[in-house]
Protein chains: 2
Amino acid sequence: MTDEKKPRRRPRSDGQRNRENLLKVAKAAFTAGEVDIPLDEVARRAGVGIGTLYRHFPNRDALIEAVYRAELDSLADAAPILAAQHPPVEALRAWMRLFVDYIAAKLVIAPALNGLAGGTGALYAQSGTVLQDAIEKLMAAAVASGDISADIEPVDLLRALAGVSNYAAGPGWETSAKRLVDILIAGSRAPAS
Amino acid sequence: MTDEKKPRRRPRSDGQRNRENLLKVAKAAFTAGEVDIPLDEVARRAGVGIGTLYRHFPNRDALIEAVYRAELDSLADAAPILAAQHPPVEALRAWMRLFVDYIAAKLVIAPALNGLAGGTGALYAQSGTVLQDAIEKLMAAAVASGDISADIEPVDLLRALAGVSNYAAGPGWETSAKRLVDILIAGSRAPAS
DNA sequence: TTGTTAAACGGAGTGACTCTCCGCATATAT
DNA sequence: ATATATGCGGAGAGTCACTCCGTTTAACAA
């Protein structure tokens, strides 16, 4: 019933190496825009058989999720740091801008995120929770300090941000995206009651 | 060089019928959530051969675009009407809410829009222009009346809206999306100079 | 070292899907 | 009624995701 520990053996070193290699190759391909790269090709570039790829990642989505989970986590980790360095509203703004930067640097690729089966949720439901937690805490602080209105759903802002990443195209989109961040912040301000 | 007119013959009636049938079937499937439906199946349901489908729509994306173009157009058409009925800012707000309604009614399906190859642009570059025109005019009016700030990019709002449609999941998302509309409007207001 | 064994590997094979090609059918115009 | 451009249909080629299972190898014990 409870989780038994069966540490019979140490995990095999070649297994871990291959797994990391696959992730590295996949990330390189995805960030290079080859979102639709065949999985055979990923395996080939990583110097492993297709069977090995599928043992580590049961399907395409699993691979994509694994590639981005680390990025998502590091984005989430930045939240408490920013919170410590800035006043609440500015921390929120800074984090949202960082979100945009991540997209700009192709560290997080929206098409890949959205391309997931069923479109939505699948990935954000699992990996996305860390982002939700991050923004929720930032907003809670800003609400507590009386800077932003209490009846704003954190998720809404995240959605808007994610939306921008979908349509990240054309020159100047990045500054345009940061302008949107300002709009969102301004729109979330508590009325000067 | 210029577009020659060669109206040798009237288009064949069966051709038009089949085309409409395909669109009807495809729309039904897409709105029912069967975004990944095989094209053979679409052809079968429409009672035509696969070859016929591919003559009318050279690839999957073309079909998706054709299905939604009408919806997109009607959404765009609503803009001037709303503009005539409401003061500028309210017209803008109403239109953005209408956008959300369309998504809610599954008349426009975000997963399908985003699932397009290459992720971005492909569809919005063509069909999306009508939406851009629509919101640009609404915003121009609101800027002219001094209600909203001049340095807001219309596309940004569209992006945010589209983003929300991606993550349209879970109960209450709709009201949450409309709240986002209000945030965006509030954030776009011109400073009471 | 050597033997044992569980863990991991590789890649041929399967089924599903997209898209092409081209001979056949039919609506339109004369 | 005849001619012909227009549209139809579906077999088949090419690609891809994912499975299966015989073979290899790293980890551990003796």
Side-chain angles (χ1 to χ4, degrees), chain A residues 4-26 29-30 33-67 111-112 114-119 122-123, chain B residues 4-26 29-30 33-67 111-112 114-119 122-123:
Chain A
E4 294 290 342
K5 56 173 181 179
K6 293 183 181 178
R8 289 280 210 142
R9 235 180 229 204
R10 186 149 50 93
R12 281 175 56 159
S13 55
D14 56 344
Q16 285 185 300
R17 235 197 339 274
N18 283 335
R19 184 189 167 87
E20 276 164 33
N21 236 264
L22 284 165
L23 282 174
K24 205 176 65 183
V25 167
F30 292 160
E34 300 177 284
V35 182
D36 289 339
I37 189 172
L39 294 187
D40 328 21
E41 178 62 17
V42 173
R44 211 184 51 72
R45 291 189 194 172
V48 303
I50 184 66
T52 299
L53 185 152
Y54 273 92
R55 194 163 346 83
H56 285 296
F57 310 100
N59 56 47
R60 184 182 201 84
D61 288 357
L63 176 60
I64 295 177
E65 178 172 354
V67 166
N114 292 311
L116 294 183
L123 179 128
Chain B
E4 293 290 341
K5 56 172 182 178
K6 294 182 180 179
R8 288 280 209 145
R9 238 182 228 206
R10 189 147 49 93
R12 281 175 55 160
S13 55
D14 56 345
Q16 285 185 300
R17 235 196 340 273
N18 282 335
R19 183 189 168 87
E20 277 164 31
N21 236 265
L22 283 165
L23 282 174
K24 203 177 66 185
V25 167
F30 292 160
E34 300 176 285
V35 182
D36 290 338
I37 189 173
L39 295 187
D40 330 21
E41 178 63 17
V42 173
R44 210 185 52 72
R45 290 189 195 172
V48 304
I50 184 66
T52 299
L53 185 154
Y54 273 93
R55 195 164 346 83
H56 285 298
F57 311 101
N59 55 47
R60 185 183 199 84
D61 288 357
L63 176 60
I64 295 177
E65 177 171 354
V67 166
N114 291 311
L116 294 183
L123 180 128

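Letters A, B, ... are given to chains in the order of the sequence lines, protein chains preceding strands, and every chain is numbered from 1.
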Show the distances under 3.5 angstrom between N or O atoms of the protein and N or O atoms of nucleotides 1-4 of chain D.
| from | atom 1 | to | atom 2 | distance (Å) |
| --- | --- | --- | --- | --- |
| dT4(D) | O2 | R9(B) | NH2 | 2.9 |

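Remark on the helix from dT1(C)-dA30(D) to dT30(C)-dA1(D): inter-end axis angle 10°, axes from five-pair C1' superpositions, rounded to 10°.
For the pair P38(B) and P58(B), both in contact range of DNA chain C, the more 5′-proximal nearest nucleotide belongs to P38(B). If R17(A) and I37(A) are placed on DNA chain D by their nearest nucleotide, the residue sitting closer to the 5' end is I37(A).
In this entry the distance linking CG of L53(A) with P of dC18(D) reads 10 Å, nearest Å. Rounded to a whole Å, the CG atom of D40(A) is 14 Å from the P atom of dT19(D). Regarding F57(A), its CZ atom lies at a distance of 13 Å from the P atom of dA8(C), rounded to whole Å. Rounded to an integer number of Å, the gap from OH of Y54(A) to C1' of dC21(D) is 17 Å. Distance L22(A) CG to dC9(C) P: 9 Å, rounded to the nearest Å. A straight line from CD of E41(B) to P of dT18(C) spans 11 Å, rounded to a whole angstrom.
For the side-chain hydrogen bond (donor to acceptor under 3.5 Å, both in side chains) test, residues two or more places apart in sequence or in another chain that qualify with D14(B) are R12(B). The side-chain hydrogen bond (donor to acceptor under 3.5 Å, both in side chains) check on R17(B) picks up nothing, with sequence neighbours excluded. Applying the side-chain contact (heavy atoms from CB on, under 4.5 Å) test to P38(A) and every residue at least two apart in sequence or in another chain returns D40(A), E41(A). Scored by the side-chain contact (heavy atoms from CB on, under 4.5 Å) test, E20(B) finds no partners at all (sequence neighbours excluded). Under the salt bridge (Lys or Arg N to Asp or Glu O under 4.0 Å) criterion, R55(B) pairs with no residue at all, not counting sequence neighbours. With sequence neighbours excluded, the residues that form a side-chain contact (heavy atoms from CB on, under 4.5 Å) with F57(B) are R19(B), L22(B), L23(B), A62(B), L63(B), A66(B).
R60(A) has no side-chain polar atom (N or O) that falls below the 4.0 Å cut-off from OP1 or OP2 of dC18(D).
Closest heavy-atom contact between Y54(B) and N59(B): CE2-CA, 4.2 Å. A29(B) and R45(B) get closest at one heavy-atom pair: CB-NH1, 4.0 Å. Of all non-hydrogen atoms in V35(B) and R60(B), the two that sit nearest each other are O-NH2, 2.9 Å.
Here the straight-line distance linking atom CG of N18(B) with atom CG of N21(B) works out to 6.5 Å at 0.5 Å rounding.
N59(B) comes within contact range of the sugar-phosphate backbone alone, with a heavy-atom separation under 4.0 Å but no base atom that close.
For the side-chain contact (heavy atoms from CB on, under 4.5 Å) criterion with V25(A), the lone passing option out of V42(A), I37(A), V48(A) is V42(A).
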| note | With B for base contact, S for sugar-phosphate-only contact and - for none (protein heavy atoms under 4.0 Å), nucleotides 7-14 of chain D reads SBBBB---
